[in-house]
*Asks:* 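Input: one structure, supplied below.
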Amino acid sequence: MKCVDDFRLRLGEHELVPIMQGGMGVDISTAALALEVARLGGIGHISDAMVPTVADRRFNTKYVKNKLKQYKFNVENSDKSVVKFDLQELADATRLHVRSAMDAKQGNGLIFINCMEKLTMNAPKETLKVRMHAALDAGIDGITLAAGLHLGSFALLEDHPRFREAKLGIIVSSVRALQLFLKKTARTKRLPDYVVVEGPLAGGHLGFGMDWDQYNLADILVEIRDWLKAENLDIPLIAAGGVFTGSDAVRFLEMGASGVQVATRFTVTRECGLPDKIKQEYFKADEEDIEVNQLSPTGYPMRMIKQCPAIGDGIRPNCEAYGYLLDASGSCQYIEAYNREVAAHPDERRIKVMDKTCLCTHMRNFDCWTCGQYTYRLKDTTVRKADGSYQLLSAEHVFRDYQFSKDDQVALPAAEV
């Protein structure tokens, strides 16, 4: 019986343990987490989601405060079209975030950054280009294009001197999405270095509709594998979404994947950026507590723990400070929902908004508990302490368990004294 360590992921000159830790945004995938995975020979992801906020938290910068001060006059205005990010500050924040991780990197693994197209920031093309270019400037090993089709992203990158040097990949959930991406980027004469094939059991935003349960990762992976072979395209595939054990990973590796992307089990590690009290909520979650809903203003379905404070909370939009999901015209579906409820309940001090959530503020406050479908199994990966809480894990423990476990087993940690 094989284990993950019997396989290797080859990306150019790099030979890696075929484990990629997923890029969980707003500093849930911290540099500390990604660095451990890279030290152990895999690929660690940081994320550029809300990077000015992350920089303020990590480096005591004042990007959010500066932005709020500049646009405070507009707080009461429903029209947010004037609220723009300072592109120089956005670049500086990204470089700080990336360079601090790259300067600390050890081992033979790689550090990538997960870059979400759906962070439109009231200037979709301009802000996306700045974030990607700044990450390359700061020495990131690779960029994973996420949360969108990214049909124009290679074109935004091709004038950067590291465009053909850095590893560039795309997350897709169907062969059609990959075909569209390759067609639109063909002019750059540059294929992606890898493709993350993400199935319907993944955490956070999904590349499916509310009929997500009609699909499965194995079928999508095989369809993409066979199409690439028919087209004589040799692009490594990374299977993602619901890969909970090393044996799960082996099954996808034997199916033709070159690696697996995993995230859920790293949410309860000490290196993860979630506050410890929220990690306990992930441990405590039961299967019926996991839901896929349409609360995200991005338009994508999103999987989360249904007890999280973000659901139904009618907080006033905080776009002057954040505004990461404002579209090209300065609009957001949450603003529309909030204004509707305020108008319908003029005498209420605090209204409820059930159909959308202010993702920027709630993600910043760790109040939106996005998660993978198998989060309810996390309690079975650790030991329960005398006080009823669950023992946190180390990133190394989780990584090694994926790497060496067999027969669908999960190694429990040694109980802390």
*Asks:* Decide if atom CG of Asp211 counts as having more than 12 heavy atoms of other residues, nucleotides or ligands within a radius under 6.0 Å.
*Replies:*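 Result for CG/Asp211: enclosed.
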
*Asks:* Locate the shortest heavy-atom distance separating Ala31 from Ala101; write the atom from each residue and the value.
*Replies:* CB-CB, 4.0 Å

*Asks:* Considering non-hydrogen atoms only, spot the tightest contact between Arg190 and Phe154 and give its length.
*Replies:* O-CE2, 3.2 Å

*Asks:* Is Arg251 salt-bridged to Asp408, cutoff N-O under 4.0 Å?
*Replies:* yes

*Asks:* Once you round to the nearest 0.5 Å, how far does CZ of Arg303 lie from OG1 of Thr375?
*Replies:*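 Taking CZ in Arg303 and OG1 in Thr375, the distance rounds to 8.5 Å.
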
*Asks:* Are any of the side-chain nitrogens in Asp355 or Arg340 under 4.0 Å away from the carboxylate oxygens of its partner?
*Replies:*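 Yes.
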
*Asks:* Does the structure place the NZ or CZ of Arg265 under 6.0 Å from the centre of the six-membered ring of Phe244, at an angle of no more than 45° from the ring's axis?
*Replies:*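 Yes, a cation-pi geometry holds between Arg265 and Phe244.
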
*Asks:* Kindly list each side-chain donor-acceptor pair under 3.5 angstrom involving residues 290-298, sequence neighbours excluded, with atom names and distances?
*Replies:*
residue, atom, partner, partner atom, Å
Glu291, OE2, Asn293, ND2, 2.9
Asn293, OD1, Leu295, N, 3.2
Ser296, OG, His205, NE2, 2.7
Ser296, OG, Thr298, N, 3.1
Ser296, OG, Thr298, OG1, 2.7
Thr298, OG1, His205, NE2, 3.3
Thr298, OG1, Tyr300, N, 3.2

*Asks:* Do side-chain atoms of Asn108 reach the backbone of Gly41 as a donor and acceptor pair under 3.5 angstrom?
*Replies:*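 Answer holds: no.
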
*Asks:* Do Asp137 and His160 touch side chain to side chain, with heavy atoms closer than 4.5 Å?
*Replies:* yes

*Asks:* Show every ring-ring contact (aromatic ring centres under 6.0 Å, His included) that has at least one partner inside residues 363-383, sequence neighbours left out.
*Replies:* none

*Asks:* Is there side-chain contact between Ile43 and Lys167, with at least one heavy-atom pair below 4.5 Å?
*Replies:* no

*Asks:* Give me the atom names and distance for the closest heavy-atom approach of Arg270 to Lys279.
*Replies:* O-NZ, 3.5 Å

*Asks:* Could you tell me whether Asp5 and Lys2 have a side-chain N and a carboxylate O separated by less than 4.0 Å?
*Replies:*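 No, this pair does not count.
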
*Asks:* Measure from the side-chain N and O atoms of Glu89 to the backbone N and O of Lys62, and report whether any donor-acceptor pair falls under 3.5 Å.
*Replies:*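 Not confirmed, Glu89 side chain does not pair with Lys62 backbone.
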
*Asks:* Just to verify, which of Arg164, Arg187, Lys189 counts as forming a side-chain hydrogen bond (donor to acceptor under 3.5 Å, both in side chains) with Glu158?
*Replies:*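 Exactly one option meets the side-chain hydrogen bond (donor to acceptor under 3.5 Å, both in side chains) with Glu158, and it is Arg187.
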
*Asks:* Run the numbers on Ser173 and Tyr215 for side-chain hydrogen bond (donor to acceptor under 3.5 Å, both in side chains), then give the verdict.
*Replies:* CA-CA 10 Å; Ser173 294; Tyr215 300 86; over 6 Å; no

*Asks:* Taking side chain as C-beta onward, heavy atoms only, is Arg8 less than 4.5 Å from Leu16?
*Replies:* no

*Asks:* Checking side-chain hydrogen bond (donor to acceptor under 3.5 Å, both in side chains) against Glu320, which of Gln70, Lys69, Lys67, Lys80 comes through?
*Replies:*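 Single side-chain hydrogen bond (donor to acceptor under 3.5 Å, both in side chains) partner of Glu320 among Gln70, Lys69, Lys67, Lys80: Lys80.
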
*Asks:* Set out, in order, the CA-CA distance, both residues' side-chain angles and the distance that settles salt bridge (charged side-chain N to carboxylate O under 4.0 Å, His left out) for Glu336 and Lys356, then state yes or no.
*Replies:* CA-CA 9 Å; Glu336 297 168 9; Lys356 295 296 172 187; over 6 Å; no

*Asks:* From Thr264 OG1 over to Arg377 CZ, what is the distance, rounded to the nearest 0.5 angstrom?
*Replies:*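 Answer rounded to 0.5 Å: 10.5 Å.
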
*Asks:* Could you check whether any side-chain heavy atom of Arg57 comes within less than 4.5 Å of a side-chain heavy atom of Arg364, counting everything from C-beta outward?
*Replies:* yes

*Asks:* Is there side-chain contact between Phe59 and Ser100, with heavy atoms separated by less than 4.5 Å?
*Replies:*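 In contact.
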
*Asks:* Would you call Lys379-Asp286 a salt bridge at under 4.0 Å N-O?
*Replies:* yes

*Asks:* Got a sec, which residues hit side-chain contact (heavy atoms from CB on, under 4.5 Å) with Ala310, two or more places apart in sequence or on another chain?
*Replies:*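 Partners of Ala310 by the side-chain contact (heavy atoms from CB on, under 4.5 Å) criterion, ordered by chain and then number, come out as Cys308, Thr357, His362, Cys368.
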
*Asks:* Would you please classify the geometry between the Tyr324 ring and the Phe85 ring as parallel, tilted or perpendicular, with 30° and 60° separating the classes?
*Replies:*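 Phe85 vs Tyr324 ring planes: tilted.
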
*Asks:* Please answer whether the main-chain N or O of Val83 pairs with a side-chain N or O of Asn122 as donor and acceptor at a distance below 3.5 Å.
*Replies:*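 Yes, Asn122 side chain to Val83 backbone: donor-acceptor pair under 3.5 Å.
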
*Asks:* Which heavy atom of Val243 sits nearest to which heavy atom of Val262, and what is that distance?
*Replies:*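 Residues Val243 and Val262, closest heavy atoms: O-CG1, 3.4 Å.
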
*Asks:* Answer yes or no: is there an ion pair linking Glu396 with Arg39, defined by an N-O contact shorter than 4.0 Å?
*Replies:* yes

*Asks:* So, the side chain of His14 versus the backbone of Leu9: is there a donor-acceptor pair under 3.5 Å, distance only?
*Replies:* no

*Asks:* Taking atom CG of Asn339 as the centre, does the number of heavy atoms from other residues, nucleotides or ligands within less than 6.0 Å exceed 12?
*Replies:* yes

*Asks:* Measure from the side-chain N and O atoms of Asp327 to the backbone N and O of Ser331, and report whether any donor-acceptor pair falls under 3.5 Å.
*Replies:* yes

*Asks:* Check the surroundings of atom NZ in Lys385: do more than 12 heavy atoms from other residues, nucleotides or ligands lie under 6.0 Å from it?
*Replies:* yes

*Asks:* Short question: side chain of Thr30, backbone of Glu271 - any donor-acceptor pair under 3.5 Å?
*Replies:* yes

*Asks:* Quick one: side-chain hydrogen bond (donor to acceptor under 3.5 Å, both in side chains) partners of Asp48, sequence neighbours excluded?
*Replies:*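 Asp48 satisfies side-chain hydrogen bond (donor to acceptor under 3.5 Å, both in side chains) with Arg131 only.
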
*Asks:* Going by an N to O cut-off under 4.0 Å, is there a salt bridge joining Asp6 and Lys406?
*Replies:*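 Here Asp6 does not pair with Lys406 in a salt bridge, since their nearest N and O are not under 4.0 Å apart.
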
*Asks:* So do the side chains of Asp92 and Asp86 get within less than 4.5 Å of each other, counting heavy atoms only?
*Replies:*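 No, side chains not in contact.
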
*Asks:* To the nearest 0.5 Å, tell me how far Leu233 CG sits from Leu182 CG.
*Replies:* 6.5 Å

*Asks:* For Asp193 and Leu11, which heavy atoms make the closest approach, and how far apart are they?
*Replies:*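 It is O-CD2, 3.5 Å.
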
*Asks:* Please say whether more than 12 non-hydrogen atoms of neighbouring residues, nucleotides or ligands are located less than 6.0 Å from CD in Glu288.
*Replies:* yes

*Asks:* Can you find a side-chain donor-acceptor pair between Gln280 and Asp276 that sits under 3.5 Å?
*Replies:*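 No.
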
*Asks:* Between the main-chain N or O of Thr269 and the side-chain N or O of His397, is there a donor-acceptor pair closer than 3.5 Å?
*Replies:* no

*Asks:* Could you list the donor-acceptor pairs under 3.5 angstrom formed by side chains in residues 217-228, with sequence neighbours left out?
*Replies:*
residue, atom, partner, partner atom, Å
Asp219, OD2, Asn216, ND2, 2.7
Arg225, NH1, Met255, O, 2.7

*Asks:* Among Arg400, Gln403, Gln261, whose side chain to side chain contact (heavy atoms under 4.5 Å, CB included) with Ile19 holds?
*Replies:*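 Considering Arg400, Gln403, Gln261, a side chain to side chain contact (heavy atoms under 4.5 Å, CB included) with Ile19 is found only for Gln403.
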
*Asks:* Looking at side-chain heavy atoms only, is the closest gap between Cys358 and Tyr334 below 4.5 Å?
*Replies:* yes

*Asks:* Say you draw a straight line from CD of Gln21 to CG of Asn114; how long is it, rounded to the nearest 0.5 Å?
*Replies:*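 Rounded to the nearest 0.5 Å, the CD-CG separation comes out at 10.0 Å.
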
*Asks:* What I'd like to find out is whether the side chain of Thr382 reaches to under 4.5 Å of the side chain of Pro413, using heavy atoms alone.
*Replies:* yes

*Asks:* Rounded at 0.5 Å granularity, tell me how far CG in Leu191 sits from CD1 in Ile235.
*Replies:*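 Answer for the CG-CD1 pair, Leu191 versus Ile235, is 4.5 Å.
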
*Asks:* Can you list, pair by pair, the side-chain donor-acceptor contacts under 3.5 Å of residues 138-146, counting residues two or more places apart and other chains?
*Replies:*
residue, atom, partner, partner atom, Å
Asp141, OD2, Lys105, NZ, 2.6
Asp141, OD2, Ile111, N, 2.9
Thr144, OG1, His45, NE2, 2.7
Thr144, OG1, Tyr194, OH, 2.5

*Asks:* Provide the closest heavy-atom pair for Val195 versus Pro192 in the form atom of the first, atom of the second, distance.
*Replies:*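 Looks like CG2-CG, 4.2 Å.
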
*Asks:* Would you give the length of the straight line joining atom CD1 of Ile305 to atom CD1 of Ile278, rounded to the nearest 0.5 angstrom?
*Replies:*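 It comes to 9.5 Å.
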
